[in-house]
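Just so you know, ligand 1 is whichever comes first in the structure, and atom 1 is the first atom listed for that ligand. For the numbers below, each heavy atom of this structure counts, side chains included, while hydrogens, waters and symmetry mates do not.
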Amino acid sequence: MKNILITGGAGFIGSHVVRLFVNKYPDYNIINLDALTYAGNLKNLTDIENASNYTFVKADICDEKIIDNIFSEYNIDAVIHLAAESHVDRSIKDPLSFAKTNVIGTLNLLQAAKSNWNGDFKNNLFYHVSTDEVYGSLTDQGFFTEKTPYDPHSPYSASKASSDHFVRAFFDTYRLPIVISNCSNNYGSYQFPEKLIPLFINNICNNKPLPVYGKGENVRDWLFVNDHARAIDVIFHKGKLGDTYNIGGFNEWKNIDLIKVLIKTADRLLGREEGASESLITYVTDRAGHDYRYAIDSSKLKDELGWEPSLQFEEGIEKTVKWYLENTDWVENIVNGDYQKYYSEMYENR
Ligand code: NAD
Ligand code: DAU
């Protein structure tokens with residue numbers, strides 16, 4: 001039996017990782033620790049919530065005592081750390097909460113791991129899930145490799161960079177067994193509708209304006225979320241201790257081109273005339289410090305651990321648009337704030 005603490009498991013990527021591990025590894029106990037901030041939603045996990053190898057714990061990673069207790073109570077062997085404040089625009093408005101959760105929260109987990117694992121780190125692993133944004137911004141040329149120097153620009157990416165440095169410092173200083181991955185932009189089901197793709201699908205559905213930052217010329221490298229979860233599985237089991245792995249699908253899109261694909265797909269699925277929703281495109285003031293281009297070179301992960309994305313973008317985007325159109329209740333619940341009630345109904349009287 002392995003007792004694996006997954007933090008942030010009620011969020012977008014975390015819920016896909018929890019589902020994969022619960023279903024694929026019946027011999028592991030999966031403890032999903034999440035503070036259920038605005039971004040955490042237990043409705044993302046209704047299909048596995050009664051599994052015998054799954055436990056949910058509501059807790060804040062910044063709470064030193066509680067985190068320490070959880071390590072001893074559940075006899076945690078390994079951590080997959082995803083809990084974070086994750087939205088760049090929010091970090092511009094409220095950088096402090098990003099420093100608290102992403103930096104202090106991560107440090108707190110590292111301390112708990114170090115003290116509870118008693119200096120004998122056999123069969124332990126602290127897996128830190130990070131982002132390509134720590135590498136900064138590219139021009140039209142080149143890719144981020146694992147050797148690209150850190151150059152974060154937003155309070156979000158600065159906080160993630162800082163957490164990465166702490167994780168490496170625990171490896172160098174205390175030999176805590178760690179591994180880090182830095183992934184590109186994810187898309188797929190259960191993404192909070194503040195991020196580009198779910199926000200725009202929801203707005204197309206409701207004939208609301210589509211707010212394109214600047215000229216829509218920024219470039220992002222998109223990966224289907226289930227492929228990120230599969231990469232985490234591979235790195236968790238086969239990654240070299242102390243190492244970093246970039247995760248991405250060599251799938252770059254200019255925002256405006258991606259938005260046109262979303263419009264085309266959604267209009268077709270909604271039975272609208274082709275391009276009918278293009279009139280919703282509205283150019284708005286650019287994001288402050290907006291990184292121009294991200295592009296990940298994930299060849300190390302492919303060459304050393306054999307991971308490759310499983311899905312072509314066209315198929316992934318079709319599945320994603322369909323999912324949001326078929327799950328309007330899920331989006332509505334978030335927009336109404338109703339899913340907050342779900343937690344009390346499900347757990348408070350147990
Ligand atoms: P998300 O915002 O959807 O989910 C974050 C989860 O963390 C939520 O469930 C939230 O309740 C929880 N959380 C936040 N603060 C907490 C705290 N103090 N204590 C405990 N739980 C807390 O984020 P996401 O998009 O799923 O990202 C997950 C991780 O992956 C993050 O570390 C992010 O930096 C990283 N990442 C995201 C992407 C992406 O495209 N979304 C790409 C690369 C890396
Ligand atoms: O690269 C990985 C990162 O990808 C993750 O670490 C972050 O957690 C995740 O949020 C994401 O960051 P981005 O800032 O790239 O994602 P977002 O969906 O917010 O924006 C994607 C692009 O679309 C970006 O260039 C800004 C633009 N955009 C976004 C929104 C929300 C718009 O033009 N309009 C919008 O309304």
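Classification of K58 and D34 as a salt-bridged pair fails, no side-chain N sitting under 4.0 Å from a carboxylate O. A salt bridge does not link E146 to K300: none of the charged side-chain nitrogens sits closer than 4.0 Å to a carboxylate oxygen. Salt bridge absent: E326 and K319 never bring a charged side-chain N and a carboxylate O closer than 4.0 Å. Classification of K24 and D233 as a salt-bridged pair holds, one side-chain N sitting under 4.0 Å from a carboxylate O. With respect to D227 and R230, a salt bridge is recorded, a charged nitrogen being found less than 4.0 Å from a carboxylate O.
For the pair S86 and ligand 1, the shortest N or O to N or O distance falls below 3.5 Å. Close N/O approach between D89 and ligand 2 is not found [any backbone or side-chain N/O within under 3.5 Å]. Polar contact with ligand 1: absent for T131 (N/O pair, distance under 3.5 Å). Among the atoms of A35, some N or O lies under 3.5 angstrom from an N or O of ligand 1. For a threshold of 3.5 Å applied to N or O pairs, the pair formed by L199 and ligand 2 contains no separation below that value. Taking only nitrogen or oxygen atoms, main chain and side chain alike, R287 reaches within less than 3.5 Å of ligand 2. Of the polar atoms of N185, none of the N or O atoms is found under 3.5 Å from an N or O of ligand 1, judged by distance alone. Between S130 and ligand 1, no N or O atom pair is found at a separation short of 3.5 Å. The shortest N/O to N/O separation between H228 and ligand 1 does not fall below 3.5 Å.
At a 4.0 Å heavy-atom cut-off, ligand 1 touches L36 through the backbone alone. Using a 4.0 Å cut-off between heavy atoms, E194 contacts ligand 2 through its backbone alone, with no side-chain atom that close. With a 4.0 Å heavy-atom cut-off, ligand 1 is reached by the side chain of K160 but not by its N, CA, C or O.
No donor-acceptor pair under 3.5 Å is formed between the side chain of S137 and the backbone N or O of D291.
Taking the six-membered ring where tryptophan is involved, the planes of Y213 and H290 are perpendicular, since the angle between them exceeds 60° and thus also 30°.
The closest protein non-hydrogen atom to atom 24 (C) of ligand 2 is H290 NE2, 3.5 Å. Looking only at heavy atoms of the protein, atom 33 (C) of ligand 1 is closest to Y156 OH, 3.5 Å. Given atom 38 (C) of ligand 1, the protein heavy atom at minimum distance is I13 CD1, 3.5 Å. Among all protein heavy atoms, the one lying closest to atom 21 (C) of ligand 2 is L196 CB, 3.9 Å. Protein heavy atom nearest atom 28 (C) of ligand 1, with residue, atom name and distance: L82 O, 3.5 Å. Of the protein's heavy atoms, D60 OD1, 2.8 Å lies nearest to atom 18 (N) of ligand 1. Among protein heavy atoms, atom 8 (O) of ligand 2 sits closest to S86 O, 2.7 Å. At the shortest separation from atom 11 (O) of ligand 1 among protein heavy atoms lies D34 OD1, 2.5 Å. Of the protein's heavy atoms, G11 CA, 3.5 Å lies nearest to atom 4 (O) of ligand 1. Nearest to atom 3 (O) of ligand 1 among the protein's heavy atoms is F12 N, 3.1 Å. Of the protein's heavy atoms, T37 OG1, 3.3 Å lies nearest to atom 10 (C) of ligand 1. When only non-hydrogen protein atoms are considered, atom 34 (N) of ligand 2 lies nearest to P211 O, 2.8 Å. Closest to atom 16 (O) of ligand 2 among all protein heavy atoms lies N185 ND2, 3.5 Å.
Tracing side-chain contacts under 4.5 Å through hydrophobic residues (I, L, V, M, F, W, Y), one reaches F236 starting from F126; they form part of the same cluster.
D140 and Y292 are linked by a side-chain donor-acceptor pair at a separation below 3.5 angstrom, with hydrogens and angles left out of the test. For the residue pair N206/N202, the side-chain donor-acceptor check at 3.5 Å is satisfied.
Close contacts between ligand 2 and T131 involve ligand atoms 1 (O), 2 (C), 3 (C), 5 (C), 6 (O) [criterion: under 4.0 Å to a heavy atom]. Remark: ligand 2 atoms within the under-4.0 Å shell around heavy atoms of V212 are 33 (O). Distances below 4.0 Å separate heavy atoms of D132 from the following atoms of ligand 2: 1 (O), 2 (C). Within the listing of ligand 2, atoms 22 (C), 23 (O), 24 (C), 25 (O), 27 (C) sit less than 4.0 angstrom from a heavy atom of N255. Ligand 2 places these atoms under 4.0 Å from at least one heavy atom of K195: 10 (O), 18 (O). Residue contact check: Y156 has heavy atoms under 4.0 Å from atoms 5 (C), 6 (O), 7 (C), 8 (O) of ligand 2.
Under the side chain to side chain contact (heavy atoms under 4.5 Å, CB included) rule, L241 has a single partner from V179, L125, I178, which is L125.
Under a cutoff of 6.0 Å and an axis angle of 45°, R175 and F171 form a cation-pi pair. F144 does not carry R293 over the face of its six-membered ring by the limits of under 6.0 Å from the centre and within 45° of the normal.
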